[in-house]
S.K.: 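Please find one structure pasted underneath; my questions will follow.
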Amino acid sequence: MSATKIRLTAVIMDVLDVLTSSPSDNPAWGLRLCEQTGYGTGTIYPALDRLMKAGWISDHWEDPPPEDRPPRRFYEMTSTGREQYAAALRAHSERRASWLRPAPGTGGAA
Amino acid sequence: MSDLKGADVAIAASWQRRLLRYYFKLVPWILLVLMLTLGTMAVAHGWNPYITFAVVGGFYVLVEAGRWLPFLLGTPLTRSMLRISVCSLVDLAVLLAGRRGPALRVEWRAHLAGESGHDPVTWPKAREAFGFVASAIRCRCSDAAEAAWWTPVDAILKSRMLSNLFVLIPTMMATGFIFRYEGTLGVLKSAESISAIGGFLYMLIRVGRWWRNVKPPEPKARRGKE
């Protein structure tokens with residue numbers, strides 16, 4: 001298995017933010033992710049697939065399954081996912097800060 | 001005040017109805033004029049005469065669709081057709097999704113059932129079903145790209161030897177080709193181009209490693225330095 005690199009696109013960050021903020025007793029599922037992020041199904045499900053492949057999120061089915069409707073598939077962030085997301089966010093902000101910082105000797109703002 | 005408002009609405013509605021009636025009465029005449037104009041232009045400019053029929057026919061189809069679609073949308077027939085098409089779209093998406101299909105079928109059906117679990121099938125649901133097809137295609141394309149393209153590329157990026165060969169072989173081949181046809185002088189003259197090829201391939205490896213987050217193993221420390 002190759003080292004799957006998760007690129008912090010706007011979609012991925014929005015999905016991860018919703019997953020991070022979801023309580024464990026009421027985890028996020030496909031429809032809620034679509035509603036809370038504002039993206040369509042054609043965007044959310046491939047993003048979830050990518051995150052699952054990278055091991056950042058895990059899934060589990062509604063238990064016990066309801067009788068009157070299909071069971072929902074819930075998604076949660078794994079501990080690895082939380083660590084890597086935090087690290088990626090740190091790296092992202094550092095990179096942005098280094099771009100915004102004036103180069104030495106160019107006479108930036110005093 | 002409310003009566004006046006109601007009367008205004010009634011007048012507006014009657015005007016709309018009248019306008020629509022005139023519009024539908026005028027449509028055949030508009031089509032006739034359009035056909036005659038286009039036919040004259042086709043003869044004058046030497047265009048294909050079928051263009052006239054195609055344009056007028058297309059216009060007529062649009063007019064008829066605009067006329068009937070609003071009446072057809074809310075009927076039980078269209079609602080059942082919508083339900084069948086949404087189910088077919090989910091089935092198509094499941095078929096396209098491959099081995100993930102069975103799990104996704106349940107997940108997507110739960111999605112379409114909504115928060116209540118018993119949402120009626122509406123046009124937004126049809127759009128979501130189209131999204132399932134798109135996501136199935138995207139997942140399969142990503143799988144195919146992973147298997148056919150990224151697996152060998154990652155193998156090259158991870159190995160120092162393969163990365164070196166990836167840079168050296170084309171560069172040496174270009175050098176050999178120039179040497180064969182132009183001799184040593186040709187190689188010296190084309191040194192810039194040869195180094196550009198090597199540099200470009202080296203940059204490809206560096207960018208690829210960054211892009212794929214791949215690092216080759218560190219070289220072993222030499223024992224003689226102790």
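Heavy-atom basis, side chains included; hydrogens, waters and symmetry copies ignored. Proteins come first, then strands; the chains are lettered A, B, ... in the order of their sequence lines, and each starts at number 1.
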S.K.: I'd like to know which of B:Phe132, B:Phe130, B:Trp211 tops the heavy-atom pair count under 4.5 Å against chain A.
M.R.: B:Trp211

S.K.: Quick check: are there more than 12 heavy atoms from other residues, nucleotides or ligands sitting under 6.0 Å from CZ of B:Arg206?
M.R.: no

S.K.: Looking at residues at least two apart in the chain, or sitting in another chain, which of them share a side chain to side chain contact (heavy atoms under 4.5 Å, CB included) with B:Ser195?
M.R.: none

S.K.: Using only atom types and a distance under 3.5 Å, with no angle test, would you say the side chain of B:Ser135 pairs donor to acceptor with the backbone of A:Tyr45?
M.R.: no

S.K.: Within a reach of under 6.0 Å around CZ of B:Arg160, are more than 12 heavy atoms found that belong to other residues, nucleotides or ligands?
M.R.: yes

S.K.: Going through the distances and angles, do B:Glu107 and A:Leu31 end up as a side chain to side chain contact (heavy atoms under 4.5 Å, CB included)?
M.R.: CA-CA 10 Å; B:Glu107 184 177 12; A:Leu31 178 64; over 6 Å; no

S.K.: Mind checking what makes side chain to side chain contact (heavy atoms under 4.5 Å, CB included) contact with B:Ser85, not counting sequence neighbours?
M.R.: none

S.K.: Given that the side chain runs from C-beta out, which part of A:Glu35 has a heavy atom under 4.5 Å from chain B: side chain, backbone, both or neither?
M.R.: side chain

S.K.: Indicate yes or no: at least one non-hydrogen side-chain atom of A:Lys53 is less than 4.5 angstrom from one of B:Asp143.
M.R.: yes

S.K.: About how many Å separate CZ of B:Arg140 and CG of A:Asp49, when rounded to the nearest 0.5 Å?
M.R.: 11.5 Å

S.K.: In terms of heavy-atom contacts, does OH of B:Tyr202 have more than 12 from other residues, nucleotides or ligands at under 6.0 Å?
M.R.: no

S.K.: Could you tell me which residues in residues 98-106 of chain B have at least one non-hydrogen atom under 4.5 Å from a non-hydrogen atom of chain A, sorted by residue number?
M.R.: B:Arg100, B:Ala103, B:Leu104, B:Val106

S.K.: Give, for atom NE2 of B:His111 and atom SG of A:Cys34, the distance between the pair rounded to the nearest 0.5 Å.
M.R.: 4.5 Å

S.K.: Using a heavy-atom distance cut-off of less than 4.5 Å, which residues of residues 68-75 of chain A contact chain B?
M.R.: A:Asp68, A:Arg69, A:Pro70, A:Pro71, A:Arg72, A:Arg73, A:Tyr75

S.K.: Under a 4.5 Å cut-off applied to non-hydrogen side-chain atoms, are A:Arg50 and B:Arg138 in contact?
M.R.: yes

